[in-house]
Q: 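Before I ask anything, here is the structure I am working with.
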Amino acid sequence: MKAYLTRRYHFSSAHRLHNEEFSAEKNREVYGKCNNPHGHGHNYVAEVTVSGPVNAATGMVCNLADLDAFARTNVVDAFDHMNLNTLQCFVNLVPTTENLTIEIYKRFEDGFDKARLERVRVEETGNNSFEYSGK
Amino acid sequence: MVLLTRKAEFSASHYYWNAAWSEAENVRVFGKCANRNGHGHNYTLEVTVAGEVDGASGFVVDLKALKDILEDEVVSVYDHRHLNLEVPEFADVIPTTENIAIAVWKRLEGKVPGATLHRVRVYEMPDLFADYYGESA
């Protein structure tokens, strides 16, 4: 019996949307307020969905403690109260929430082997969210 | 085809325990959830049904009928109950969020007139939920 388990993780980070390849004018045109040189921040929510058969002995798709521990190390501790632009993964990548969603997906895809990764959805604010389910 | 979702809420207690395991193993796997005195949650149930929009009524399903089915089949059985001790399907099945979603599916399957059950989603808390789409999904 295949079931899907979804967990939401919260972190708050700063970012600035800026492309070095663009002129100052072009950056302002493309990114608007998000190009403010001093950055701005959001309370992000990362929603991670995994799936698999429900283990008959535990009643679980995967142990929530394992999922939480992985998310804490690789998402919450990595991004919370950080400036995303300063992180290695965004040195050459604009930290839009699209790119942040893909980065979080890759971290789970590469490192979490207790259940099948289905989807990562990131809310940047209550009104906009982004989803990535692999290619 | 249109999908329609109805929510319902219930509050219940439970604990996680596998009787085939030692106490130490239960605590190792289930952590705080293995406390035999139980703990509880405010659950939110989201039931999604699929069907064609009736030309005369404009409905996929009669919402009042769906509400009554959720009340009779699930809420009245689970609300303010200890799931392990008072709900028959959890006598031998650990009432994890995943298993609650499957149990609710089994309780509702075939009982919604004129529509097909599409998904059962159970929130144990706002940041944790399980989805079940039936055995064939």
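Chain identifiers are assigned alphabetically (A, B, ...) following the order of the sequence lines, protein sequences preceding nucleic acid strands; residue numbering begins at 1 within each chain. No experiment lies behind these values; they were computed from the predicted model shown.
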Q: For A:Arg7, is there an ion pair with A:Asp68 - N to carboxylate O distance below 4.0 angstrom?
A: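 Salt bridge present between A:Asp68 and A:Arg7.
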Q: Can you list every pair that meets side-chain hydrogen bond (donor to acceptor under 3.5 Å, both in side chains) and has a residue in residues 46-68 of chain B, with sequence neighbours left out?
A: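 Listed once each, the pairs are B:Thr5-B:Thr48, B:Glu46-B:Arg119, B:Asp54-B:Ser57, B:Lys64-B:Asp68.
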Q: In Å and rounded to the nearest 0.5 Å, what is the CG to CD1 distance from A:Leu117 to A:Ile104?
A: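 So the gap between those two atoms works out to 11.0 Å.
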Q: How long is the straight-line distance from OG of A:Ser13 back to CG of A:Leu87, given to the nearest 0.5 Å?
A: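 One gets 8.0 Å once the value is rounded to the nearest 0.5 Å.
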Q: Above 12 or not: heavy atoms from other molecules or residues under 6.0 Å from NZ of B:Lys7?
A: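 Counting other residues, nucleotides and ligands, NZ of B:Lys7 stays at 12 neighbours or fewer.
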Q: For chain B, which residues from residues 25-56 of chain A lie under 4.5 Å away (heavy-atom distances)?
A: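 The stretch touches chain B at A:Glu47, A:Val54.
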Q: I want to check something: taking the side chain as every heavy atom from C-beta on, are A:Val94 and A:His18 in contact at a cut-off of under 4.5 Å?
A: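 Heavy-atom side-chain distance check fails, nothing below 4.5 Å.
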Q: To the nearest 0.5 angstrom, please state how far the OH atom of A:Tyr132 sits from the CD1 atom of A:Ile102.
A: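 Here the rounded value is 5.5 Å.
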Q: Just to be sure I understand the criterion: a residue of residues 72-110 of chain B counts if one of its heavy atoms is under 4.5 Å from a heavy atom of chain A. Which ones qualify?
A: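 Within residues 72-110 of chain B, the residues that come under 4.5 Å of chain A (heavy atoms only) are B:Ile94, B:Thr96, B:Glu98, B:Asn99, B:Ile102, B:Lys106.
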Q: Salt bridge check, A:Arg116 against A:Glu118: does any charged N sit closer than 4.0 Å to a carboxylate O?
A: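 Yes, A:Glu118 and A:Arg116 are salt-bridged.
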Q: Would you please test B:Glu9 and B:Leu45 for side chain to side chain contact (heavy atoms under 4.5 Å, CB included) and show each step?
A: CA-CA 6 Å; B:Glu9 293 175 349; B:Leu45 172 63; over 6 Å; no
Q: Identify which part of A:Ala65 has an atom lying under 4.5 Å from any heavy atom of chain B, answering side chain, backbone, both or neither.
A: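 For A:Ala65, neither part sits under 4.5 Å from chain B.
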Q: Are more than 12 heavy atoms, taken from residues, nucleotides or ligands other than B:Glu135, located less than 6.0 Å from that residue's CD atom?
A: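 Open: at most 12 neighbouring heavy atoms sit under 6.0 Å from CD of B:Glu135.
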Q: How about residues 11-32 of chain B versus chain A: which residues have heavy atoms under 4.5 Å apart?
A: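 Within residues 11-32 of chain B, the residues that come under 4.5 Å of chain A (heavy atoms only) are B:Tyr16, B:Asn18, B:Trp21, B:Val29, B:Phe30.
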Q: Taking the six-membered ring for Trp and the full ring for Phe, Tyr or His, determine whether the centres of B:Tyr132 and A:Tyr4 are under 6.0 Å apart.
A: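 That pair fails the under 6.0 Å test.
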Q: Under a 4.5 Å cut-off applied to non-hydrogen side-chain atoms, are B:Asn42 and B:Tyr123 in contact?
A: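 SC-SC contact between B:Asn42 and B:Tyr123 ruled out.
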Q: Quick check for you: to the nearest 0.5 Å, what is the distance between A:Thr73 atom OG1 and A:Arg107 atom CZ?
A: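 With rounding to 0.5 Å, OG1 (A:Thr73) is 11.0 Å from CZ (A:Arg107).
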